[in-house]
Enquirer: 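Sharing a structure here in structure tokens format.
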Amino acid sequence: MAFFSNLWHRIWDTVLDNRNKLTTTGGFLLGIIATIGFKDLYPDLEAHFRRRMRNLRGQDIPHPLPGQPDYVRLEDHTGRKSSLIPSSGVDPRRTTQHEIAMGVEGLIGNTPLIKLKALSEATGCEILGKAEFLNGAGNSPKDRVALSMINHAEEEGLIKPDRGDTIYEGTVGSTGISLAAVCRARGYKAHICMPSDVAVEKSDLLLKLGATVERVKPASIVDQDQFVNAARRRAREHTDDPNKPGRGFFADQFENTANYIAHQNTTGPEILEQTDGDLAAFIAGAGTGGTISGVALALKPRIPGLKVVLADPQGSGLYNKVKFGVMFSPTEAEGTRRRHQVDSIVEGIGVNRVTANFSAGFHLIDDAVKVSDAQAMRMARWLVEKEGLFVGASSAVNLVAAAQVAKGMERGARIVTVICDSGTRHLSKFWKEAGDVGGEGVGYSLEDILSMK
């Protein structure tokens with residue numbers, strides 16, 4: 001019995017061993033057959049995959065831009081958030097889903113549009129403010145201009161970082177502040193000439209930014225000691241002085257067309273994208289004229305029927321230039337002018353000459369609104385009371401003009417204007433005259449403001 005039992009186990013082991021070999025061999029052969037049979041299906045599967053990825057990239061999966069690292073998106077369906085892992089070997093601990101700005105220059109541009117709820121409700125139109133005070137260098141639209149002028153000068157070989165070059169500019173404040181910040185970031189020094197009657201906090205801020213500040217007596221542009229002419233002269237003196245390092249560059253914001261080009265290339269296209277082209281009117285003031293010209297050049301060809309309107313403070317001659325083709329202000333008449341500059345408490349806009357930047361878009365300006373100092377100050381207070389928004393003088397002028405334009409528009413029309421800067425750099429002048437919110441005059445309606453002289 002033991003013999004037959006051992007024989008049976010040997011026969012069974014042999015059968016099992018052969019069955020395993022047959023199974024392994026059969027599986028291998030079956031895999032080859034399957035591969036041959038389905039090989040023609042691979043191109044279709046790959047094409048389907050590529051189509052799906054293209055569709056997804058058009059929705060929510062970011063497509064890397066040229067020069068950026070390629071990212072592989074790992075989807076985790078266990079409840080945790082997806083993460084971006086760089087496929088190019090970059091340390092994932094240094095990677096984020098959010099864009100990281102490159103220095104102070106990365107904080108310039110792409111400012112939001114703010115719907116002014118109270119002003120929109122009061123006018124029946126949708127009034128939007130381009131929040132240029134959120135630019136991160138000098139906190140005004142002049143950040144775009146300062147960066148553009150420096151970039152153009154570098155491209156033309158006029159200036160070079162870190163060799164002692166100094167940028168000179170004549171300004172009532174905002175352009176100088178933006179230049180001072182950008183200059184520090186780019187390896188230049190800034191020398192700012194400004195009228196001595198400008199709000200003192202502007203010169204104080206310039207000094208804190210490391211700029212040299214030269215306050216000069218207010219004068220007409222024909223006077224060689226006028227602040228713009230003084231800056232031009234200082235730049236020339238620097239270049240001619242062999243004892244000064246580097247060279248002097250006069251930025252010349254009024255005539256330097258890099259000014260309006262900055263707004264044509266950035267501010268205008270941003271507004272177009274943010275409104276999807278649904279826009280009835282754009283309103284802005286003009287000092288150098290760069291903002292209104294640049295935005296008009298960007299928007300007018302793309303938005304049929306768009307109305308571009310100049311907001312002009314009292315004492316400026318641009319209102320009459322747009323309305324009647326003649327540069328004239330009643331305060332320029334002999335014996336009536338109280339000061340050499342534009343006769344207004346408003347700083348930053350208003351001028352009595354046509355600059356190169358204003359000329360670039362002048363043919364695209366459809367109308368103009370004259371705004372008095374009283375209206376601007378009352379509007380500034382109204383905005384604090386109704387919107388909680390603390391703005392500077394030029395912003396208040398823009399918003400008075402926007403409300404005035406809204407009166408002639410169809411209900412629901414969309415109007416965009418510019419909120420240039422905060423009221424914090426207008427405390428010692430404009431806001432000193434405007435007074436504290438909560439004092440005399442609380443309760444003024446928008447109609448009261450628009451009807452003021």
Side-chain angles (χ1 to χ4, degrees), residues 54-68 97-102 104-117 119-120 125-148 151 178 257-285 289-309 311 357 360-361 364-366 389 395 398-399 401-402 405-406 409-410 412-421:
R54 281 197 299 269
N55 290 337
L56 286 174
R57 279 175 176 159
Q59 297 171 16
D60 12 49
I61 294 183
H63 187 68
L65 296 173
Q68 292 182 334
Q97 287 180 313
H98 303 288
E99 182 182 356
I100 297 176
M102 183 62 73
V104 74
E105 297 139 297
L107 302 177
I108 298 174
N110 295 312
T111 56
L113 278 180
I114 301 172
K115 180 175 179 178
L116 302 173
K117 296 184 292 183
L119 198 57
S120 297
C125 291
E126 185 179 23
I127 297 183
L128 309 177
K130 183 67 167 159
E132 289 295 277
F133 64 92
L134 294 179
N135 280 301
N139 311 123
S140 81
K142 298 302 185 179
D143 281 6
R144 301 176 189 264
V145 176
L147 184 59
S148 179
N151 284 340
S178 295
T257 54
N259 181 339
Y260 85 80
I261 290 171
H263 293 291
Q264 184 179 9
N265 290 344
T266 64
T267 317
E270 287 172 23
I271 293 171
L272 182 68
E273 181 180 0
Q274 289 167 329
T275 61
D276 291 324
D278 178 13
L279 184 59
F282 173 74
I283 290 100
T291 302
I292 194 167
S293 288
V295 173
L297 287 163
L299 296 184
K300 271 277 195 174
R302 294 168 178 80
I303 305 179
L306 175 70
K307 191 174 183 180
V308 176
V309 181
N357 285 288
L364 300 175
I365 301 175
D366 302 293
L389 194 59
S395 303
N398 287 344
L399 290 164
V405 170
M409 290 278 181
E410 293 183 2
R414 180 178 281 172
I415 297 169
V416 169
T417 190
V418 182
I419 304 177
C420 306
D421 60 7

Enquirer: Distance check, rounded to the nearest 0.5 Å: His263 atom NE2 versus Leu297 atom CG?
Expert: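 Rounded to the nearest 0.5 Å, the NE2-CG separation comes out at 12.0 Å.
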Enquirer: Apply the side chain to side chain contact (heavy atoms under 4.5 Å, CB included) test between Ile283 and each candidate in Ile292, Val308, Val309; give the one that qualifies.
Expert: Val309
Enquirer: Can you tell me how far apart CZ (Phe282) and OG1 (Thr291) are? Round to the nearest 0.5 Å.
Expert: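 One finds 7.0 Å between CZ of Phe282 and OG1 of Thr291.
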Enquirer: Do Ile419 and Leu389 have side chains that approach each other closer than 4.5 Å (heavy atoms only, starting at C-beta)?
Expert: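 Ile419 reaches Leu389 side chain to side chain.
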Enquirer: Any heavy-atom pair between the side chains of Asn398 and Cys420 that's under 4.5 Å?
Expert: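 Of all side-chain heavy-atom pairs linking Asn398 with Cys420, at least one is under 4.5 Å.
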Enquirer: Could you pull out all residues at least two apart from Ala258 that satisfy side-chain contact (heavy atoms from CB on, under 4.5 Å)?
Expert: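 If we apply the side-chain contact (heavy atoms from CB on, under 4.5 Å) test to Ala258, skipping adjacent residues, the hits are Ser148, Met149, His152, Asn256.
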Enquirer: Hey, does the side chain of Asn357 reach the backbone of Gly289 with a donor-acceptor pair shorter than 3.5 angstrom?
Expert: no
Enquirer: With a 3.5 Å distance limit and no angle check, can you tell me whether Asp143 reaches the backbone of Ile108 through a side-chain donor-acceptor pair?
Expert: no
Enquirer: Does Ile114 have any side-chain contact (heavy atoms from CB on, under 4.5 Å) partners at least two apart in sequence or in another chain, and if so, which?
Expert: Leu116, Ala131, Phe133
Enquirer: What distance separates Thr417 OG1 from Leu113 CG, expressed to the nearest 0.5 Å?
Expert: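 Rounded to the nearest 0.5 Å, the OG1-CG separation comes to 10.5 Å.
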Enquirer: Only counting residues at least two apart or in another chain, list the ones meeting side-chain contact (heavy atoms from CB on, under 4.5 Å) with Leu107.
Expert: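 Residues passing side-chain contact (heavy atoms from CB on, under 4.5 Å) with Leu107: Ala101.
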Enquirer: Would you check, one step at a time, whether the test side-chain contact (heavy atoms from CB on, under 4.5 Å) holds for Asp421 with Asn139?
Expert: CA-CA 6 Å; Asp421 60 7; Asn139 311 123; 6.0 Å; no
Enquirer: Please determine whether a side-chain nitrogen of the Lys or Arg among Asp276 and Arg414 lies less than 4.0 Å from a carboxylate oxygen of the Asp or Glu.
Expert: no
Enquirer: Treating Asn110 as the side-chain partner and Glu270 as the backbone partner, does any N or O pair qualify as donor plus acceptor under 3.5 Å?
Expert: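 Flag not set: sc Asn110 to bb Glu270 has no pair under 3.5 Å.
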Enquirer: Any sub-3.5 Å donor-acceptor pair from Asn135's side-chain atoms to Ser140's backbone N or O?
Expert: yes
Enquirer: Counting neighbours of NZ on Lys300 that are heavy atoms of other residues, nucleotides or ligands and sit closer than 6.0 Å, is the number greater than 12?
Expert: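 Counting neighbours around NZ of Lys300, more than 12 heavy atoms of other residues, nucleotides or ligands fall under 6.0 Å, so yes.
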Enquirer: Using atom types as modelled and distance alone, determine if a side-chain donor or acceptor of Thr111 lies under 3.5 Å from a backbone N or O of Leu134.
Expert: no
Enquirer: Which pair of non-hydrogen atoms, one from Ala413 and one from Cys125, has the smallest distance, and what is that distance?
Expert: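 For Ala413 and Cys125, the tightest heavy-atom pair comes out as O-CB, 3.2 Å.
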Enquirer: Under the 3.5 angstrom rule, does the side chain of Ser120 hit a backbone N or O of Glu126 as a donor-acceptor pair?
Expert: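 Side chain of Ser120 to backbone of Glu126: no pair is present.
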